[in-house]
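Working notes for the structure below.
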Amino acid sequence: MRADRGGSGRPRRAVGAACGVVAAFAGLAVAELVTAAVRPEASPVTAVGAAAVDLTPTAVREWAIALFGTADKAVLMLGIIAVLAGVAAAAGLLAVRSLPAGIAVAGGFGLLGAAAALSRPEAAWQDALPSLVGGLTAAGVLWLLVTAVTRPRPAGAPAGGAWAMDRRGFGRLVVGVLAASSAAGLAGRRLGAHGSAGATASRARLILPRPAVPAPPVPAGADLRVPGLGPFLTPARDFYRVDTALVVPRVDADTWRLRIHGEGVSRPLTLDLRELLARPLVEHDITLTCVSNEVGGPYAGNARWLGVRLADLLREAGVRPPSRGGPADQLVARSVDGMTLGTPVETVMDGRAALLAVGMNGEPLPFAHGFPVRMVVPGLYGYVSACKWLGELRLTTFAAYDAYWVRRSWAQQAPVKTQSRIDTPRPYAALRPGRVAVAGVAWAQHRGIRRVEVRVDGGPWQEARLGAADGVDTWRQWVWPWEATAGLHTLEVRATDGTGAVQTGVRGGTVPDGATGRHAVEVRVRAPG
């Protein structure tokens, strides 16, 4: 391989950048292998991504959710990999000019990943190992590749030096490194999958007991079966997922434990899943809503949940609500990955169907929705009530502790606001003149929906037909027949909850405690003929 003139030509730059990228790939692959021996959250990309989520301003995070939806995590991971590739290429370019400096950059990213891993909740010293080993591997491979193709210039040699290895030899070396790295990465993936096999098997073996208090059948007429309107009960595969977990925790049900302790707990409890399932189980239909849901947004879903009444467990532990002299007004739920959510004790113990859920729509919880146990509290946004992958419940006060999202500008307490949504027709739909079914859902969990009204182009409100009510904790479907005429039209909806309060038309953002306003869609009706 000939030397390029001046030492800064394109061949030299291309080889340097290639060396850096190949070295980074090798480092990540070996880190993946080490991760299999630690835990998935210790992966360098995952750890850096999780730290990035924590450091992202609330406004930026809400923008990402609005723009990318539930794909925001995948976009983040791709972004991190793209940045890493760019830095790796720069490290390679630097290394052909100053090998120690290039190696320092490669190793420095290993230190950055280790610091990110150790910053995570529930982190142990072992979590730093994948990043440290990956960084050392990247630095070593970069040294190997750069020294293989360059050598110091002899005295009097032309500027730019000479390549020590021909193109074929360098190509064979790169292919060998890539092959070895791919093998390490594949082994790590397989070992990681094997490590989670116990959790998968434990879920497959789990047979949910029959509920002591089964939910009544969904009332006839609750599901209006209007084309374009989703089912009354949302299948688990279609249920929204908004959380910070870049890697879904896969918890082994056989080793899962729940600890209940804190202020006002006179009898601390530690339960395994078998002991939890031995208690009376209740079944209840509950609609969950994410506080990140914009007006008319998709982050709401309705399911049939099976679980243990949370209030019963708290009373068993000796807990009293504040209204009865209890010292704690906040129940802090902690996930196995360290996420914390704070729920008002008074709300949990006021008689509503607050559950430690183990089942969803007749099946054990999916891993993505919290297997083996999660919280479900009707009437509160998910960020203060719906902790997934639950591992701990601690009684404290709102004055003494701020949970994860509260430290990021969200409100401490967040009852669900009355909302309604038009699901059909879709925005900007092209319709034929004549009768059109305008339909959607409305929700005001734990207050219920009394009325839904629709209007066209700012005209008078027209009452829609409601689907049958399935209690006050679920959404209600609605439909209104519209005689559509040619032109561009705006359809708008509002709901009235069970207390008689009408959904506000004042627009407000999601921060700090949920969006407000009315959903509207614009459609075009074609002229007859």
Side-chain angles (χ1 to χ4, degrees), residues 20-56 73 76-88 90-91 100-144 177 180-196 199 243-252 255 334-340 389 391-392 404 407:
V21 172
V22 171
F25 177 74
L28 289 177
V30 172
E32 187 77 20
L33 182 60
V34 179
T35 297
V38 184
R39 62 174 186 148
E41 292 81 3
S43 165
V45 175
T46 300
V48 170
V53 170
D54 286 352
L55 296 173
T56 299
K73 299 176 184 64
L76 173 63
M77 299 292 266
L78 289 174
I80 291 173
I81 292 172
V83 170
L84 179 60
V87 172
I103 289 176
V105 171
F109 258 71
L111 294 176
L112 177 64
L118 292 176
S119 73
R120 308 307 305 143
E122 311 297 319
W125 66 267
Q126 297 94 329
D127 290 349
L129 290 178
S131 293
L132 292 176
V133 174
L136 288 173
T137 300
V141 170
L142 184 61
W143 175 87
L144 173 66
V177 170
S181 301
S182 298
L186 181 60
R189 291 276 180 172
R190 289 185 174 178
L191 289 173
H194 179 73
S196 66
D243 53 54
T244 63
L246 298 181
V247 175
V248 173
R250 299 181 74 85
V251 182
D252 191 326
T255 61
R334 182 180 292 271
S335 166
V336 297
D337 67 349
M339 171 58 66
T340 56
W389 314 294
E392 178 189 9
Y404 180 91
R407 296 195 296 271

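Positions are given from 1 along the sequence.
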If you take all heavy atoms of [X] and [Y], which pair is closest and at what distance?
X: A23; Y: V141; result: CA-CG1, 3.7 Å
X: V247; Y: E41; result: O-OE2, 4.4 Å
X: A85; Y: V21; result: O-CG2, 4.0 Å
X: V105; Y: A91; result: CG1-CB, 3.7 Å
X: G107; Y: A139; result: N-CB, 4.3 Å
X: L76; Y: G49; result: CD2-O, 3.6 Å

Q. Under 4.0 Å between a Lys/Arg side-chain N and an Asp/Glu carboxylate O for R189 and E32?
A.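 The answer is yes: the pair qualifies as a salt bridge.
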
Q | NZ/NE/NH1/NH2 to OD/OE distance under 4.0 Å, R120 and D337 | A |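 No salt bridge links R120 with D337.
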
So do [Y] and [X] actually touch side chain to side chain, heavy atoms under 4.5 Å?
X: M339; Y: D243; result: no
X: S43; Y: L246; result: no
X: V248; Y: W389; result: yes
X: L84; Y: L28; result: yes
X: F109; Y: P44; result: no

Q | Value rounded to 0.5 Å, distance of CG in L136 from CD1 in I103 | A |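 So the CG of L136 and the CD1 of I103 are separated by 11.0 Å.
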
Q: State the CG-CG distance between L118 and L132, to the nearest 0.5 angstrom.
A: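 Interatomic distance, L118 CG to L132 CG, rounded to 0.5 Å: 8.0 Å.
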
Q: Look only at the side chain of T340 and the backbone of Y404, and say whether a donor-acceptor pair between them is shorter than 3.5 Å.
A: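 Indeed, once roles are kept as given, a pair shorter than 3.5 Å links the two residues.
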
Q: Using modelled atom types only, decide if a donor and an acceptor are shared between the side chain of S131 and the backbone of A128 within a distance under 3.5 Å.
A: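 Looks like no, no N/O pair under 3.5 Å.
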
**Q.** Chi angles and distances behind the side chain to side chain contact (heavy atoms under 4.5 Å, CB included) call for V336, E392
**A.** CA-CA 8 Å; V336 297; E392 178 189 9; over 6 Å; no

